[in-house]
Q: 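Can you read through this structure? Questions will come right after.
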Protein chains: 2
Amino acid sequence: MVAQAPIRLLIVDDQALVRGALGALLDLEADLQTVGAAADADEAVQQAIELAPDVCLMDIQMPGDDGILATKRVREASPSTKVLVVTTFARPGYLRAALEAGAGGFIVKDAPPEQLADAVRRVHAGLRVVDPALAEASLFEGANPLTERERQVLRLAGDGHSAATIAAEVFLSAGTVRNHLSAAIGKTGAGNRAEAARIARDKGWI
Amino acid sequence: MVAQAPIRLLIVDDQALVRGALGALLDLEADLQTVGAAADADEAVQQAIELAPDVCLMDIQMPGDDGILATKRVREASPSTKVLVVTTFARPGYLRAALEAGAGGFIVKDAPPEQLADAVRRVHAGLRVVDPALAEASLFEGANPLTERERQVLRLAGDGHSAATIAAEVFLSAGTVRNHLSAAIGKTGAGNRAEAARIARDKGWI
DNA sequence: AGCCGAACATGACAATCGTCATGCGCGAGA
DNA sequence: TCTCGCGCATGACGATTGTCATGTTCGGCT
């Protein structure tokens, strides 16, 4: 039997150490070969065009465009490249957003290392790879219940901005800002804006 | 020349994928050998005793006891083991706390992969390894200005608890809690408790 | 002993926040 | 077409928060 051409990989993660370590781990597999590495969305898109890799490993948390948006851009730039999203946080909102952005798989960094190579192979074969526990949580949690305005003001409130400050930034009256926050507090089941922001972040809603 | 005995490593990180990936990266070096892996502080201490590794790679963010406390416990359990703290966040407070806990080095995950093996060798040789930029920041930021009470109430406030709730948890009057929070707000230069909590977390003060 | 500063504790007062009632505009379905 | 529901916007009202003046305790220093 003739040896198959290896699956060519592009690794995207803002942390250099993680890029190198994942590369080392995957290069141990005979049928996988790391051909590129990128630290942000722009580099990722450029390398996807130049290298047309078979699979792109994508971390979600990055400075600038996040991994979700980067996934969408990579898929547009190189449709033959499958994207496997690898993330630290098992947030249902992330899973949903990643799949909608065109990701072929979603795996958390808690997963055993042996599973990673398998996930890459499955994604390359066109299969959907999703952590079962996370898929269930996503179903249970349901979709993001927050409206655009609510997300917008809640993000700012979570950073400690006052209602008046937020009102000035989004061109609303302070009362309206408080009202949107109140709605967000109700939908998250929180008792105040700080807790609401924390919960929404936990679930990947903002 | 006779081959040196390899440097024996214990890797501590709550994320299985990262443990495996770091292990793969370091095992590429001829003079380094991964002999153990642990997912939390308890496992780390147990393995330090059983294996007496030369160097322990320690992540800071972990469930249960954090990496700082784990460092202290590993040093006590196996004094011959040097600890190299590896963290995602370059927070000056973390650096100071890690060194006080007995860490021999502190490196962030942004660092280039080649640097990691070198850092391990230096720590093993008994040298201090610290990211220069971070050391400067630590000097500039100074020590944690918050008192014990201020840290305590600010942590709870950051999770969205109200003054009354916090008061009940720490056995103080609501007014006293507000007063401690006010002090913390002043020391962090924030405008309210939420921002104060965010800033304090950023700097590794809570 | 006497003094001093730091951490901690408390209640009064003004500013800000969370909730509610109310209204507008717009797309979906009867 | 006429509702109905939803997102959005606003101001009034009670609840919570942030600040300030004040007081207590405790260790260090002269």
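So you know, we letter chains A, B, ... as the sequences are listed, proteins then strands, and number each from 1. These numbers come from the heavy atoms of this one structure, side chains and all, not from hydrogens, waters or symmetry mates.
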Q: Considering just the side-chain nitrogens and oxygens of A:Ser162, establish if one lies under 4.0 Å of OP1 or OP2 belonging to C:dT16.
A: no
Q: Ignoring backbone atoms, establish whether A:Thr176 has a side-chain N or O less than 4.0 Å from OP1 or OP2 of D:dT10.
A: yes
Q: Which atom pair, heavy atoms only, marks the closest approach of B:Gly105 to B:Leu84?
A: C-CD1, 3.5 Å
Q: Measure the distance from NZ on B:Lys187 to C1' on C:dA7 and round it to the nearest whole Å.
A: 8 Å
Q: Between A:Thr147 and D:dG7, does any side-chain N or O lie under 4.0 Å from OP1 or OP2?
A: no
Q: So how far is it from B:Asp13 CG to B:Leu57 CG, rounded to the nearest 0.5 Å?
A: 9.0 Å
Q: I'd like to know if B:Asn179 reaches the base of D:dC20 with its side chain such that a donor and an acceptor end up less than 3.5 angstrom apart.
A: yes
Q: Rounded to whole Å, how long is the line connecting atom CD1 of B:Ile185 with atom C1' of D:dT16?
A: 13 Å
Q: Of the nucleotides C:dC17, C:dA9, C:dT10, which one has an atom closest to the side chain of B:Ser173?
A: C:dT10
Q: Tell me, with the steps shown, if A:Leu134 and A:Phe106 meet side-chain contact (heavy atoms from CB on, under 4.5 Å).
A: CA-CA 9 Å; A:Leu134 191 55; A:Phe106 190 96; 3.2 Å; yes
Q: B:Phe171 has an atom CZ; how far is it from atom P of C:dA9, in whole Å?
A: 13 Å
Q: Give a yes/no answer on whether the side chain of A:Arg178 brings an N or O atom under 4.0 Å of OP1 or OP2 in C:dT16.
A: no
Q: Without decimals, in angstroms, what is the distance between B:Leu181 CG and C:dA15 P?
A: 20 Å
Q: Within the pair A:Ser182 and C:dC17, is there a side-chain N or O less than 4.0 Å away from OP1 or OP2?
A: no
Q: In this structure, how many angstroms lie between the P atom of C:dA7 and the CZ atom of B:Arg151, rounded?
A: 11 Å
Q: Please report the distance, rounded to the nearest Å, between CD in B:Glu148 and C1' in C:dA6.
A: 15 Å
Q: A:Ala196 and A:Thr188: which non-hydrogen atoms are nearest, and at how many Å?
A: CB-OG1, 3.5 Å
Q: Round to a whole Å and report the spacing from CG of B:Leu154 to P of D:dT17.
A: 14 Å
Q: Rounded to the nearest 0.5 Å, what's the gap from CG on A:Leu95 to CD on A:Glu100? Could you check?
A: 9.5 Å
Q: The side chain of B:Ala163 is closest to which nucleotide in this list: D:dT17, D:dA9, C:dA9?
A: D:dT17
Q: Could you check how far CZ of B:Arg193 sits from P of D:dT16, rounded to whole Å?
A: 12 Å
